[in-house]
Amino acid sequence: MKLTIKKETSLGLETYDVLGFNSEEELELEISKLIQFRPEFEINPN
């Protein structure tokens with residue numbers, strides 16, 4: 001019988017450098033870019 005080891009990771013458990021960023025601030029900047037509203041969906045009162 002062959003055993004298979006399955007390793008699962010979570011982004012919440014990894015440090016910023018493991019994810020490919022130079023600093024925590026750089027990671028947070030990239031996250032903020034991802035969660036911004038697209039201009040065509042912003043409510044414009046004009």
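What you see is a predicted model, and the numbers here were worked out from it, not measured in a lab.
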Find the distance between CG (L19) and CG (L27) and round it off to the nearest 0.5 Å. 6.5 Å
Quick check for you: to the nearest 0.5 Å, what is the distance between E24 atom CD and I31 atom CD1? 9.0 Å
Reported OH-to-CD distance for the pair Y16 and E30, which is rounded to 0.5 angstrom: 15.0 Å
